[in-house]
Amino acid sequence: EKDGFDHFMLKEIYEQPRAYRETISNRINHQLNTVDLSQEINLTEDYIKSIDKIHIVACGTAYHAGLVGKYVIEQLTRIPVEVDVASEYRYRNPIITPNTLVMVISQSGETADTLAALRESQRNGAKVLAITNVNGSSVSREADEVLLTHAGPEIAVASTKAYTSQLVAIYLFGLYLSQVRETHEDAAIAKYIQAIKELPAQAEKLLEFAPIIKQFAERFAKHEDLFFIGRSLDFAVSLEGSLKLKEISYIHSEAYPAGELKHGTLALITDGIPVIALATQEDIYEKMVSNIIEVKARNAYVLGIALEGDTELAKSVDEVITIPKTLPLLTPALSVIPLQLLAYYAALARGNDVDKPRNLAKSVTVE
Ligand code: M6R
């Protein structure tokens, strides 16, 4: 059932192009170049226009998808978005009104805290839209609206294809809201749709770099500490890369917003410490490069993640991995893939049980 792969995690990483196709399929009107979710979601035009804020609530990797969701939805719709981990949200007495749309994200649809947050939101009169992978799960049954991710069953404890298909579901939903609220020109929406359609083939191309990433991972596997840095969406992806690495390789790692390093964490950057620096966002690219120069000045060993065609970054880092070019909002769907592979190969090099890391369960159904 591992289809010839050594581990479910690797199989699931390689299933991402297919998962992308499934998540996109039947949700795009190819004639009009628009997103069509009307078969699945019954939110009226009046309701969508009345939403004054969105709360995204989830745990772990799904929470990291939510962090990307905040950037995406705010950029596409200008609706303010807050993101919380479910175990915090449910106890912090959040301000929920009937005009708050609460989005819960859960691969399994059975995570106890996420389910409790969903119920708390409904008690406060909000509608809940669930992004989940499991049809028939508790979350899918109790939510007012459900957007399935169609990633297929995910067995490895470390979530990979569930995360990337959650991102695609978020892109589609964000575009849908934007269409209804008319916050973008048709041509802009069409551009996003075109770029989303290219993601599966781009992910396939990226997976061809696995042998190179394996070499980096084997080098990093000898270290006990590692840092991920990035800004804006690259920071959100850094958090996911760091979680993945911790969870299966047991290497201590931290993800930091690159501009925040000087406020404390830079003290930890010493000779030879590995730093993975994501630099895929055009608007803050120069700022990111200056942060990279700061860690290089402390003799860090820097692996940069850049967009294809970037010839600049190589001048300030030790090694570069490039991802295919896409729109800035969509880069997380690609930049996370090398980070998943890094975590996988680092765990493998350390002889860990990749699919069943210590102390963790696939589905967290208790608080
Ligand atoms: O099933 P869920 O998406 O609700 O699960 C949430 C987290 O438990 C899960 O993403 C966890 O963080 C993964 N092990 C991360 O790889």
Side-chain angles (χ1 to χ4, degrees), residues 7-13 15-16 19 23 56-69 83-90 102-121 128-143 146-170 228 236-251 253 255 332 336-337 339-344 346-347 352-367:
H7 296 95
F8 281 109
M9 184 181 174
L10 192 62
K11 170 177 177 253
E12 290 159 4
I13 289 173
E15 279 172 347
Q16 291 179 112
T23 312
I56 303 183
V57 188
C59 301
T61 284
Y63 167 72
H64 294 154
L67 292 176
V68 172
V83 195
D84 275 82
V85 288
S87 55
E88 291 295 318
Y89 188 77
R90 60 182 291 199
V102 177
M103 292 172 63
V104 296
I105 308 177
S106 174
Q107 186 284 131
S108 63
E110 301 298 346
T111 301
D113 282 318
T114 307
L115 192 57
L118 175 161
R119 290 175 180 155
E120 174 68 11
S121 307
V128 176
L129 175 126
I131 294 183
T132 182
N133 197 32
V134 182
N135 198 7
S137 60
S138 304
V139 162
S140 80
R141 281 184 275 112
E142 295 192 28
V146 179
L147 198 54
L148 291 171
T149 45
H150 298 303
E154 193 181 64
I155 311 292
V157 167
S159 184
T160 54
K161 63 175 181 170
Y163 170 82
T164 42
S165 58
Q166 283 159 1
L167 296 185
V168 172
I170 289 168
F228 289 86
V237 176
S238 296
L239 285 166
E240 175 56 8
S242 174
L243 175 66
K244 214 90 300 171
L245 188 77
K246 279 183 270 214
E247 159 169 64
I248 58 169
S249 77
Y250 315 146
I251 296 172
S253 79
V336 76
I337 294 176
L339 307 189
Q340 296 168 341
L341 287 165
L342 267 176
Y344 172 78
N352 296 351
D353 185 345
V354 174
D355 284 336
K356 287 202 181 64
R358 67 187 180 204
N359 308 342
L360 300 173
K362 181 66 183 162
S363 186
V364 184
T365 53
V366 290
E367 240 191 279

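Start at 1 and go down the list; that is how both ligands and their atoms are numbered.
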* Asked: With respect to atom 7 (C) of ligand 1, which of A162, C59, A58 exhibits the smallest heavy-atom separation?
  -> C59
* **Contacting atoms of ligand 1, where contact means under 4.0 angstrom from a heavy atom of A158** => 16 (O)
* With a cut-off of 4.0 Å, which atoms of ligand 1 are near a heavy atom of K244? -> 15 (C), 16 (O)
Could you tell me the residue and atom name of the protein heavy atom closest to [atom], and the distance to it rounded to 0.1 Å?
{"atom": "atom 3 (O) of ligand 1", "value": "Q107 N, 2.6 Å"}
{"atom": "atom 5 (O) of ligand 1", "value": "T111 OG1, 3.5 Å"}
{"atom": "atom 16 (O) of ligand 1", "value": "E247 OE1, 2.6 Å"}
{"atom": "atom 15 (C) of ligand 1", "value": "T61 OG1, 3.0 Å"}
{"atom": "atom 8 (O) of ligand 1", "value": "V364 CG2, 4.1 Å"}
{"atom": "atom 1 (O) of ligand 1", "value": "S108 OG, 2.7 Å"}

Would you compute the distance between atom [atom1] of [X] and atom [atom2] of [Y] and round it to the nearest 0.5 angstrom?
{"X": "I170", "Y": "T23", "atom1": "CD1", "atom2": "OG1", "value": "11.5 Å"}
{"X": "K244", "Y": "S253", "atom1": "NZ", "atom2": "OG", "value": "11.5 Å"}
{"X": "T149", "Y": "Q166", "atom1": "OG1", "atom2": "CD", "value": "6.0 Å"}
{"X": "E247", "Y": "L360", "atom1": "CD", "atom2": "CG", "value": "5.5 Å"}

* Structure fact -> Scanning both residues in full, the closest heavy-atom pair of Y63 with A58 reads N-CB, 3.5 Å
* To do: State, to 0.1 Å, how close I105 and A62 come at their nearest heavy-atom pair, and which atoms those are.
  => O-CB, 3.4 Å
* To do: Keeping to residues at least two apart or across chains, list the salt bridge (charged side-chain N to carboxylate O under 4.0 Å, His left out) pairs with something in residues 354-363.
  => E154-K362
* Asked: Tell me the salt bridge (charged side-chain N to carboxylate O under 4.0 Å, His left out) pairs involving residues 103-112, sequence neighbours left out?
  -> none
Do ligand 1 and [X] have nitrogen or oxygen atoms that lie under 3.5 Å from each other?
{"X": "Q166", "result": "no"}
{"X": "K362", "result": "no"}
{"X": "T114", "result": "no"}

* **Min heavy-atom dist V157 to ligand 1 below 4.0 Å** => yes
* Side-chain heavy-atom pair V102, V57 within 4.5 angstrom cut-off -> yes
